[in-house]
Amino acid sequence: MYSNGRKTIGVLLYNLNGEFQVQICKALEKRTKQMGYNLAVFNTFGEYGKSSNHLTGELSIFDLPPYDELDGIIVALETFTSEAGKSYVLRKIREEAKCPVVSLREYVPDFSNVLVDDLHAMDGIIDHLINHHHVDDIAFMTGPEQRKDAQLRAQSYKNSMEANGLTVGEDRIFYGDFWRGKAQEACDYFFANGKIPGAIACANDVMAIAVIEELYRRGYEVPGDVIVTGYDGDPSGQSFLPALSTVYVDFEDMAYKAVNLILEHEKDGEVETLYADTKLLINESCGCNDCVNRESMRRRILEHKTELYKENLEMQISFLTIELNQAKDIRDLHNVVKIYIYNFDNFTNYYICLREDFDQDVKTMHGFTDKMRLWVDMTDRKDRGRVDVKFDKRSLLPPDVVKEEPVCFYFSPIHHEDMCFGYAAMSFDHSKDNPGANIRWNIAIANFIQSQRIQKKMNNLIDELENMYVQDVLTGLYNRRGFEKYARMQFSQARAAETMICVMAIDMDGLKPINDIYGHHEGDSALKSVGYAIREAAHHGQIGARIGGDEFEVIFPCQGEEEVIEWINNFNASIENYNKKSNKPYFVYASCGYKIGIPTSNDTIESYMNESDDIMYKNKIANKIRRSQELR
């Protein structure tokens with residue numbers, strides 16, 4: 001894997017741009033590089049709307065890792081927004097992996113685990129509210145009731161309240177969503193009895209920020225009227241106004257412990273559970289810092305810069321989409337990407353790897369082909385030009401783009417609904433805090449590939465219709481329309497270039513008796529043999545056609561009459577060979593006539609056809625007399 005001979009740890013997660021995901025991946029990359037290991041992060045953005053096909057396409061990225069070659073796996077199941085995705089990944093790991101596996105923040109019995117001590121998660125922040133701020137009415141907003149971490153954090157809150165001699169009212173625990181969607185419902189619930197709580201402690205920072213926004217919408221001030229606290233220590237909470245008082249989870253410590261578990265148990269296969277370090281982070285939302293401190297100011301400036309960056313990136317991706325919509329060929333993907341990729345300030349390498357058959361008319365594309373094709377190559381932020389390099393999927397990337405030192409790449413799927421075209425591989429400079437992989441970017445590229453596939457299919461259908469319009473179905477030659485279209489062009493070119501050309505008229509002899517005696521299916525068979533003979537005698541540049549029932553025309557450039565005689569001999573030999581081998585109760589015959597010359601301005605293809613036709617009819621009469629005499 002990666003072709004640089006180093007051991008590789010794989011990471012499986014959803015939504016690379018989430019706060020937890022960004023912090024944990026930065027820490028994992030730092031730690032694995034210290035240990036001399038590669039890192040491969042397999043990322044999906046998860047569900048979109050109610051489309052199960054979209055989820056199928058997203059989950060294809062988890063078919064990419066060569067699980068049996070990985071030296072360790074770290075899976076962040078808590079980031080998965082679909083149970084289907086979680087079940088799929090767990091099945092893949094259990095069936096194919098042969099290495100230590102570590103689960104982050106969600107306990108899995110047969111894996112090693114690095115968890116947050118949820119049963120004591122709220123102890124410090126609740127003690128701070130009670131003993132420092134003297135708040136005795138504290139409401140608690142936890143996560144979904146069915147989630148174990150939400151249950152344990154709620155229990156931690158209750159234990160801390162009881163340890164300080166306080167009771168918990170029935171209307172003081174609300175089960176939220178660990179997201180922003182239930183802040184209004186939580187405030188309605190806590191305020192229902194008319195008594196405003198002195199503080200609302202939240203089981204994560206995202207819900208805490210949403211609650212503060214809802215309180216301000218209702219006219220309450222934080223911390224003046226209600227104290228609000230969070231949990232996790234997300235950077236977004238520290239750049240928020242007011243900056244959140246929270247419990248900081250040391251994601252770097254979590255990452256280091258995960259890697260260390262893999263190293264410790266690589267040989268023995270044992271499983272072990274460790275807990276990440278946490279610490280109380282006191283800030284403005286509880287009232288301890290009345291003014292904006294220096295750290296909060298720094299974070300808000302950086303957050304403002306990041307928001308401006310995101311806004312510009314989204315605008316540039318819109319322009320990318322417009323340019324891709326105007327592109328005419330799949331090769332144009334490289335030309336557009338090489339312009340817009342630099343809007344990702346922090347990318348160091350970027351590759352688009354597509355299925356071997358992505359540009360073929362394949363009805364289903366699930367997962368990846370054994371051989372992949374490198375289609376876009378931006379190594380060290382430099383465009384390496386148009387490429388189409390085949391490589392083994394199990395190596396993830398072509399050997400020549402992988403450096404000898406430890407590498408880290410982030411892989412995300414490129415798909416349209418459940419049609420998987422390939423994946424993008426990206427590496428980042430983490431000294432810059434700007435976002436990395438972007439779902440809209442991937443969707444724009446996937447939609448372009450799909451539109452090109454559709455356009456190619458439409459062009460093929462148009463070509464088929466065109467062929468049907470100009471082709472004789474029985475013989476496979478052109479019909480009269482096709483001959484008039486293409487033969488006229490060839491004749492005009494010969495006249496303009498003052499080069500010699502041959503126009504030949506061919507008539508099948510005796511078609512009517514064959515039809516009358518043996519049936520039209522035998523007549524068709526005989527006509528096919530004449531068409532075959534025309535193709536077998538083929539001359540360079542030849543255009544052959546069946547222009548009527550038993551009438552054929554041929555046109556081709558020539559150097560002199562010797563070539564034409566050779567053509568007729570080859571044609572007659574093919575007919576004779578058919579008669580010998582067909583075992584038919586009849587013989588196939590045909591008569592030819594031709595006109596050769598360098599067309600003048602007074603000549604037309606019709607005049608050449610008329611002359612060749614006259615000669616063919618004379619030959620036809622002579623052939624009939626000759627065959628009649630041979631039968632006597």
Side-chain angles (χ1 to χ4, degrees), residues 116-145 147 149-178 182-233 237-238 240-249 278-291 293:
V116 174
D117 187 1
D118 290 309
L119 189 56
H120 298 92
M122 309 311 302
D123 295 359
I125 199 75
I126 299 299
D127 287 347
H128 178 76
L129 293 174
I130 295 170
N131 298 314
H132 186 82
H133 292 283
H134 309 293
V135 181
D136 57 7
D137 184 8
I138 304 172
F140 186 69
M141 182 179 184
T142 190
E145 190 168 6
R147 282 186 52 163
D149 53 352
Q151 297 169 10
L152 291 174
R153 291 181 195 184
Q155 187 62 50
S156 173
Y157 153 76
K158 288 192 284 188
N159 292 345
S160 296
M161 293 287 285
E162 292 171 3
N164 284 279
L166 298 175
T167 58
V168 177
E170 292 182 359
D171 57 354
R172 283 302 181 251
I173 296 181
F174 179 82
Y175 287 92
D177 55 2
F178 275 144
K182 292 200 171 183
Q184 179 178 343
E185 190 179 341
C187 289
D188 290 342
Y189 181 80
F190 293 142
F191 293 8
N193 62 4
K195 184 181 179 183
I196 301 173
I200 300 175
C202 298
N204 77 352
D205 288 349
V206 176
M207 292 190 301
I209 290 171
V211 166
I212 292 174
E213 291 172 344
E214 177 62 21
L215 289 172
Y216 271 91
R217 191 185 69 81
R218 297 181 183 215
Y220 297 99
E221 292 186 3
V222 177
D225 297 317
V226 183
I227 291 172
V228 178
T229 63
Y231 186 91
D232 279 340
Q238 300 311 296
F240 189 69
L241 187 64
L244 276 180
S245 293
T246 186
V247 176
Y248 170 72
V249 178
T278 60
K279 67 178 180 180
L280 200 59
L281 190 62
I282 300 304
N283 227 310
E284 299 163 4
S285 70
C286 70
C288 285
N289 293 326
D290 294 331
C291 60
N293 60 39

Asks: Test side-chain contact (heavy atoms from CB on, under 4.5 Å) on E214 and E185 and set out the steps.
Replies: CA-CA 10 Å; E214 177 62 21; E185 190 179 341; over 6 Å; no
Asks: Please determine whether side-chain contact (heavy atoms from CB on, under 4.5 Å) holds for the pair Q238 and L281, giving the CA-CA distance in whole Å, both sets of side-chain angles, and the decisive distance to 0.1 Å.
Replies: CA-CA 10 Å; Q238 300 311 296; L281 190 62; 3.4 Å; yes
Asks: Could you walk me through whether F240 and N283 satisfy the side-chain contact (heavy atoms from CB on, under 4.5 Å) test, starting with their C-alpha distance in whole Å, then the side-chain angles of each, then the deciding distance to 0.1 Å, before giving a yes or no?
Replies: CA-CA 11 Å; F240 189 69; N283 227 310; over 6 Å; no
Asks: How close do I212 and P242 get, counting heavy atoms only, and between which atoms?
Replies: CG2-CD, 4.2 Å
Asks: With a 4.5 Å heavy-atom cut-off, do M161 and L129 have their side chains touching?
Replies: no
Asks: Testing the 3.5 Å rule here: is there a donor-acceptor pair between the side chains of D118 and S156?
Replies: no
Asks: For the residue pair D137 and P197, what are the closest heavy atoms and their distance?
Replies: OD2-CA, 3.5 Å
Asks: Write down the atom of V211, the atom of C187, and the distance for their closest heavy-atom approach.
Replies: CG1-SG, 4.3 Å
Asks: List the atom of G143, the atom of Y175, and the distance in Å for their closest heavy-atom pair.
Replies: O-CD2, 3.2 Å
Asks: Rounded to the nearest 0.5 Å, what's the gap from CD1 on I173 to CZ on R153? Could you check?
Replies: 14.5 Å
Asks: Q155 and T142: side-chain contact (heavy atoms from CB on, under 4.5 Å), yes or no, with the steps?
Replies: CA-CA 10 Å; Q155 187 62 50; T142 190; over 6 Å; no
Asks: Hey, could you give me the OG/NE2 distance between S245 and H132, rounded to the nearest 0.5 Å?
Replies: 9.5 Å
Asks: What I'd like to find out is whether the side chain of L215 reaches to under 4.5 Å of the side chain of D225, using heavy atoms alone.
Replies: no
Asks: Under 6.0 Å between ring centres, would you say that holds for Y157 and Y231?
Replies: no
Asks: Looking at I196 and R172, what are the two nearest heavy atoms and their distance?
Replies: C-NH2, 4.4 Å
Asks: Look only at the side chain of E284 and the backbone of L244, and say whether a donor-acceptor pair between them is shorter than 3.5 Å.
Replies: no
Asks: Nearest 0.5 Å, please: how far is CD1 in I126 from CG in N131?
Replies: 11.0 Å
Asks: Are D117 and T278 side-chain neighbours, meaning at least one heavy-atom pair lies under 4.5 Å?
Replies: no
Asks: What is the minimum heavy-atom distance between V228 and S285, and which atoms define it?
Replies: O-OG, 2.6 Å
Asks: Considering only NZ, NE, NH1 and NH2 on the basic side and carboxylate oxygens on the acidic side, decide whether R217 and E213 come within less than 4.0 Å.
Replies: no
Asks: Is the backbone N or O of K195 less than 3.5 Å from a side-chain atom of N193, with the two atoms forming a donor-acceptor pair by type?
Replies: yes
Asks: Would you give the length of the straight line joining atom CE of M122 to atom CG of D127, rounded to the nearest 0.5 angstrom?
Replies: 11.0 Å
Asks: Working to the nearest 0.5 angstrom, can you tell me the gap between N159 CG and H120 NE2?
Replies: 7.5 Å
Asks: In Å, rounded to the nearest 0.5 Å, how long is the span from OG1 of T246 to CG of D232?
Replies: 6.5 Å
Asks: Between the side chain of D205 and the main-chain N/O of G233, is any donor-acceptor distance below 3.5 Å?
Replies: yes
Asks: Going by heavy atoms in the side chains, are H128 and C288 under 4.5 Å from each other?
Replies: yes
Asks: Please examine the side chains of Y216 and V222, heavy atoms only from C-beta on, and report whether any two atoms are closer than 4.5 Å.
Replies: yes
